[in-house]
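All remarks here apply to the structure that follows.
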Amino acid sequence: MAYDYEYFKKAVYDLTKIDLNAYKEKQMKRRIDTLISKNKVVGYDNYISVLKSDNARFEEFVNYLTINVSEFYRNVDQWQLLDKDIFPELIQRYGKNLKIWSAACSTGDEPYSLVMALSRHLPLNQIKIYATDLDKQVIEKAKMGLYAEKSIAGVPADLKKKFFTKVGPSYQISEEVKSRVEFKEHNLLKDNYPSDYHLIVCRNVLIYFTEEAKDEVFRKFQKSLKPGGYLFIGSTEQIINHRDVGFERKNSFFYQRPM
């Protein structure tokens, strides 16, 4: 079985350019085995054949593989810190044309939250968020901007009233917010990183990576930031070796590239 899974990882990389070696094996293998069983396929080799011949199953696999759990203003206290401390500091230091990257943005909750949060400090027409994800399906969902009530529970009441319209049981985010986000496909483990950013937000994604892969991503984020720029990570993530990867710790969730 170990040999089979090694073969499977290589075949998946050839098909998708997703490197399963960078993920915690026990966790990821369990997810994949569950999906294979659900599809009533026996063996990794047979499942690879299915992925090559059935586009719907292929899309399902990529969507399942890229863990998409997201919500607006996740961990509200951290967003309050972003609003009260980080945004004012960045605007004072760099001016109003901030470059912000929402990496592994999932269904758009995070980049849209950034637009709304930043709208308290800047006019909407001065805000531009670059948002990327590995999974083109969730990017398409993000572009639709339609969310369940539970997803937007954390949005401050005034922003919810201003930027969302109820559509049946769901909520549609406004075009003026959607237009401030540019979505692109991007693989954190394979693709080149953009540069000269003032803030990078990547939350609750790297917990699924090996320690080696995490370090590589953190070092690349550090190089993508301007000196003095910030990396905003998730509540379950801390960069224990932050100095080794080039960061100073502002608090548990914000790390700064030294000036």
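We count residues from 1, following the sequence as given.
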Shortest non-hydrogen contact between Ser252 and Ile233, atoms and distance: O-CD1, 4.1 Å
Give me the atom names and distance for the closest heavy-atom approach of Gly234 to Gln78. C-OE1, 4.5 Å
Check whether Leu124 and Ile100 end up in the same hydrophobic cluster, where Ile, Leu, Val, Met, Phe, Trp and Tyr are linked by side-chain heavy atoms less than 4.5 Å apart. yes
Criterion salt bridge (charged side-chain N to carboxylate O under 4.0 Å, His left out) against Lys178, the qualifying member of Glu175, Glu176, Glu182: Glu175
Can you list the steps and then say if Thr165 with Ser174 is a side chain to side chain contact (heavy atoms under 4.5 Å, CB included)? CA-CA 7 Å; Thr165 303; Ser174 72; over 6 Å; no
Is Glu89 salt-bridged to Arg93, cutoff N-O under 4.0 Å? yes
Please find out if less than 6.0 Å separates the ring center of Tyr44 from that of Tyr7. no
Does the ring of Tyr197 carry Lys99 above it, NZ/CZ under 6.0 angstrom from centre and within 45° of its axis? yes
Between Lys162 and Asp158, is there a side-chain N and carboxylate O pair less than 4.0 Å apart? no
Test log, rule side chain to side chain contact (heavy atoms under 4.5 Å, CB included), inputs Lys38 and Thr34: CA-CA 6 Å; Lys38 176 189 163 192; Thr34 299; 5.6 Å; no
For the CD1 atom of Ile48 and the CG atom of Asp4, what is their distance to the nearest 0.5 Å? 11.0 Å
Given Tyr47 and Phe8, is the side chain to side chain contact (heavy atoms under 4.5 Å, CB included) satisfied, shown in steps? CA-CA 9 Å; Tyr47 189 56; Phe8 179 76; 3.8 Å; yes
May I have the step-by-step check of side-chain hydrogen bond (donor to acceptor under 3.5 Å, both in side chains) for His121 and Asp83, ending in yes or no? CA-CA 8 Å; His121 302 268; Asp83 178 48; 2.7 Å; yes
Between Leu122 and Ile91, does a side chain to side chain contact (heavy atoms under 4.5 Å, CB included) hold up when you go through it step by step? CA-CA 9 Å; Leu122 299 172; Ile91 291 168; 4.1 Å; yes
Run the side-chain hydrogen bond (donor to acceptor under 3.5 Å, both in side chains) check on Asn39 and Glu60 step by step: do they pass? CA-CA 10 Å; Asn39 278 284; Glu60 175 195 45; 3.2 Å; yes
For Phe164 and Phe72, take the angle between the two ring planes, folded into 0 to 90°, and tell me which bin it lands in: parallel under 30, tilted 30 to 60, perpendicular over 60. perpendicular
Please examine the side chains of Thr132 and Glu185, heavy atoms only from C-beta on, and report whether any two atoms are closer than 4.5 Å. no
Taking Ser37 for the side chain and Asp33 for the main chain, is one N or O donor matched with an acceptor at less than 3.5 Å? no
In the structure I gave you, are the side-chain heavy atoms of Leu82 and Leu199 within less than 4.5 Å of one another anywhere? yes
If you compare all heavy atoms of Leu188 against all heavy atoms of Ala103, which two are closest, and at what distance to 0.1 Å? CD2-CB, 4.2 Å
May I have the step-by-step check of side-chain hydrogen bond (donor to acceptor under 3.5 Å, both in side chains) for Arg249 and Gln256, ending in yes or no? CA-CA 6 Å; Arg249 183 176 177 271; Gln256 187 175 34; over 6 Å; no
Could you tell me which non-hydrogen atom of Ser113 sits nearest to which non-hydrogen atom of Trp79, and how far apart they are? CB-CH2, 3.6 Å
Audit row: Lys136, Glu59, salt bridge (Lys or Arg N to Asp or Glu O under 4.0 Å) steps and yes/no: CA-CA 9 Å; Lys136 65 182 178 183; Glu59 295 290 347; 3.6 Å; yes
For the pair Glu216 and Arg219, evaluate salt bridge (Lys or Arg N to Asp or Glu O under 4.0 Å) and give the outcome as yes or no after the intermediate values. CA-CA 5 Å; Glu216 181 184 353; Arg219 286 191 175 96; over 6 Å; no
Once the angle between the rings of Tyr193 and Phe221 is folded into 0 to 90°, is it parallel (under 30°), tilted (30 to 60°) or perpendicular (over 60°)? tilted
How long is the span from the CZ atom in Phe61 to the CG atom in Leu15, to the nearest 0.5 Å? 8.5 Å
Value for CD (Glu211) from CG (Leu206), rounded to nearest 0.5 Å, stands at 10.0 Å
Could you check whether any side-chain heavy atom of Gln222 comes within less than 4.5 Å of a side-chain heavy atom of Leu231, counting everything from C-beta outward? no
Which word best sums up how the rings of Phe254 and Phe232 line up, parallel for under 30°, tilted for 30 to 60°, or perpendicular for over 60°? parallel
Rounded distance (nearest 0.5 Å) linking atom OH of Tyr255 with atom NE2 of His242: 6.5 Å
Atom CE in Met28, atom NZ in Lys9: separation rounded to 0.5 Å? 11.0 Å
Separation between NZ of Lys184 and SG of Cys105, rounded to the nearest 0.5 Å: 12.5 Å
So, is the end of the Arg120 side chain (NZ or CZ) under 6.0 Å from the ring centre of Phe87 and within 45° of the ring's axis? no
Scanning both residues in full, the closest heavy-atom pair of Arg57 with Val50 reads NH1-CG1, 3.5 Å
